[in-house]
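First listed ligand is number 1; within each ligand, the first listed atom is number 1. Numbers here are sequence positions counted from 1. As a basis for the values below, the full set of heavy atoms in this structure was taken, side chains included, without hydrogen atoms, waters or symmetry mates.
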Amino acid sequence: MQRRTFVTAMAAAPAAKTGQRRPKPIRAGFWGTQYYDEKEREQLLDVLESQSPFRWYGSTKQPPAKVSTFEREFARRMQTKYALAVTSGTAALQTAVNALAIGPGDEVIMPAWTWHSCYAAVVLAGALPVFAEIDRSFNIDPGGIERHITPATKLIMAVHLQGTPCDMDRILPIARKHGVKVLEDCAQSVGASYKGKPVGSMADIGIYSLQLNKTITAGEGGAVVTNDAALFERATRFHDIGMLREPHQQLLGTPQVNPFVGCNFRLNEFSGGVLLAQLRKLDRVVGDVRANAKVVYEALRDLPGARFRFTPDPEGELGTGVFFEFKSKEQCDRFKEVSKAEGAITANPGGSAILPIQPYIMQKATAHPNWPTFNTPRGRAIQYGPEICPKTIDILSRFAGPLMDPKFTRDDLEEIIAATRKAYVAAA
Ligand SMILES: *Cc1c(COP(=O)(O)O)cnc(C)c1O
C-alpha cells in the first residue's frame, strides 16, 4: 500500500469499533474556536470594510457598533441591566474592583484555588487579599468564609470555577449580614447558571473572560455586568480613562459620578464582532458540552463507591469535566496513569493555581516596595503559604477525571468512558 493511501485509510478507520488504539490519548480542546465559521468571518469583514476598528469613531465611516451591540446582547443573555466589554478577564476584575472603590486598607476574601488575576486585581488596587479554603465543589467553601471577615472586609469574590456555580444561596446571606459586597468571577463558567439564574447576575457585580480557554472567545476579551447604575458608570469611567461616552451616557441618563482616574481597557471592533458572533452561539456550545458531560456522568455513576465533585446545582453546571473523588493522592495518581495508558487523558482540577503557595505571593512581591497592600499593620502581619490552605491542597490532589469538549463524538465518549471505568477499577 502506498503511504498516502495507508494514512488516509488509518484516518478513516473508526478506532473504537475496530478496537485499535488511537495514536494519541483523547484530550479536550478549546471550545469556542471550534465553532468559528462564516458568522465570525462576516463580522470581521464588516469592520474591515467600515475602516473603523475603534469603537467610538472612524476615519471615513461610522463604526459598525460591534462592541456596543455585543454589550447589549450580553446584558440580555446574562439577565443584567448593564454590560461593559473590556480587553480581558483580568481587566474586567480590575474594573470591577475599582468600580466598587476598593483600595488601601480594605480586605478581599477569595478562594485559595483561583486564577492569578483575582489576586492581582486586589493587590493592584492597593487592597489586601485574604484566602479562604475550597470545598468538594472546588469553589470557595461557604462555611469557611465568616471566620475571615474583619471590620476591614469589603468584598467576597465568588469564583465559579471549572464550570460549576458557587453556592450563592449560602454566600449572599453571609455578605449581607456583614455589609460586604460580592463579586462573581465567571471567567471559567461563561454560560453556566445557578437555580435558573445566569452566573454573574446574582451579586453586586460580575466579570467574565472571553480568552481562548473560556467558553466563547476572540482570543482575548472580557466583560463586566451589574444591575447598579452607579457601579456601571464607575466601571465605564475606569475602563475609559475617566470618560463616559455614548452609548453608555444614553443608557445611564444623567451622570451620577464625578470623573476619576482610569485605565484604557476599551475593546476594539474586530474583537467585538467576533465576540458578537460567538455570543450568539453560546447556548449551542453550552448545550453541546453539557450533553457530552451528561453521557459520561450517566455511564460512570454505577461504579462502586463512585463519588463525584459536588455541585450545588447539577442543572446549572457546564460539565467542563467529570471529576471523581479518591481516598488518597496515590489512588488518584494511579487512576490518571491507567486512564492515559487506556487512551483517555484524565486530570486533577485545572485552570487555576493554589495561590497561597506561589513564591511571589508568599514573598508578598509587588512592583514597588512601598506599595500600600503589605504596608498596613494587617498587610505586614498576614502570612501566606501551604499552612493556610491544607484542605484546598488535599482536595485538589484527590480529585481527577476526564475534561469535556463540546465536539467530542459518540466514539470519543465511548472510549473515554471505557478508559475511565477501567482506570477507576484499577485504582480502587
Ligand atoms: C481566565 C481567568 C481570569 C482572567 O481572564 P483573562 O481573560 O485571561 O485575563 C480571571 N479569573 C479566572 C477565574 C480565570 O479563570
Side-chain angles (χ1 to χ4, degrees), residues 28 30-33 67 70 74 78 83-100 102 108-125 129 131-132 134 137-140 155-166 168 171 182-192 194 199-200 203 205-225 235 238-239 263-268 271-272 274-275 278-279 282 289 317-318 320-321 347-356 358 361 392 396 403:
F30 303 113
W31 299 357
T33 48
V67 179
F70 168 79
F74 196 82
M78 297 309 168
L84 177 73
V86 293
T87 46
S88 71
T90 307
L93 277 166
Q94 284 187 263
T95 301
V97 165
N98 282 279
L100 290 161
I102 283 162
V108 177
I109 297 170
M110 67 181 68
W113 167 250
T114 184
W115 191 235
H116 296 267
S117 313
C118 296
Y119 176 85
V122 172
V123 172
L124 289 174
F131 293 110
I134 62 164
S137 69
F138 312 163
N139 290 330
I140 195 165
L155 178 69
I156 298 166
M157 282 190 174
V159 190
H160 307 290
L161 290 156
Q162 274 200 306
T164 290
C166 291
M168 297 306 287
I171 295 172
V182 177
L183 178 156
E184 289 177 77
D185 177 341
C186 316
Q188 297 181 16
S189 298
V190 181
Y194 174 78
V199 293
I205 200 160
I207 76 96
Y208 307 78
S209 168
L210 306 161
Q211 185 264 350
L212 177 65
N213 295 282
K214 320 298 168 133
T215 314
I216 53 170
T217 189
E220 298 274 14
V224 181
V225 298
F238 184 77
H239 110 293
C263 290
N264 169 8
F265 293 150
R266 296 181 304 251
L267 197 67
N268 70 76
S271 295
V274 171
L275 289 175
Q278 286 267 289
L279 176 61
L282 175 61
V289 78
E317 76 162 48
L318 292 184
T320 305
N348 294 108
S352 293
I354 304 173
L355 294 180
Q358 304 301 309
I361 292 176
T392 298
L396 296 170
L403 294 179

Under 3.5 Å between any N/O of Gln188 and any N/O of ligand 1: does that happen in this structure?
yes
When you measure from the side chain of Glu184 to the backbone N and O of Cys186, does any donor-acceptor pair fall under 3.5 Å?
no
Which atoms of ligand 1 have any heavy atom of Gly89 under 4.0 Å away?
4 (C), 5 (O), 6 (P), 7 (O), 9 (O)
Can you tell me how the ring of Tyr208 sits relative to the ring of Phe74, calling it parallel under 30°, perpendicular over 60° and tilted otherwise?
perpendicular
State whether the side chain of Asn98 and the backbone N or O of Leu100 hold a donor-acceptor pair below 3.5 Å, judged by distance alone.
no
Distance from atom 9 (O) of ligand 1 to nearest protein heavy atom, with residue and atom
Thr90 OG1, 2.5 Å
Which residue and heavy atom of the protein sit nearest atom 14 (C) of ligand 1, plus the separation
Lys214 NZ, 3.0 Å
Quick check on contacts: which atoms of ligand 1 are under 4.0 angstrom from a heavy atom of Ser88?
7 (O), 9 (O)
Indicate yes or no for a side-chain donor-acceptor contact from Ser209 to the backbone of Ala187 under 3.5 Å, with no hydrogens or angles considered.
no
Atom 13 (C) of ligand 1 - nearest protein heavy atom and its distance:
Asp185 OD2, 3.4 Å
If the cut-off is 4.0 Å to any non-hydrogen atom of Leu93, which atoms of ligand 1 fall inside it?
10 (C)
Roughly how far, to the nearest 0.5 Å, is the CD1 atom of Ile207 from the CE atom of Met157?
8.0 Å
Donor-acceptor pair, Ser189 side chain versus His160 backbone, under 3.5 Å?
yes
Okay, side chain of Gln188, backbone of Gln162: is any donor-acceptor separation there less than 3.5 Å?
yes
Minimum distance, heavy atoms only, to atom 5 (O) of ligand 1: which one of Ser352, Gly222, Ser209 is it?
Ser209
Which atoms from ligand 1 have a heavy atom of Val159 less than 4.0 Å away?
13 (C)
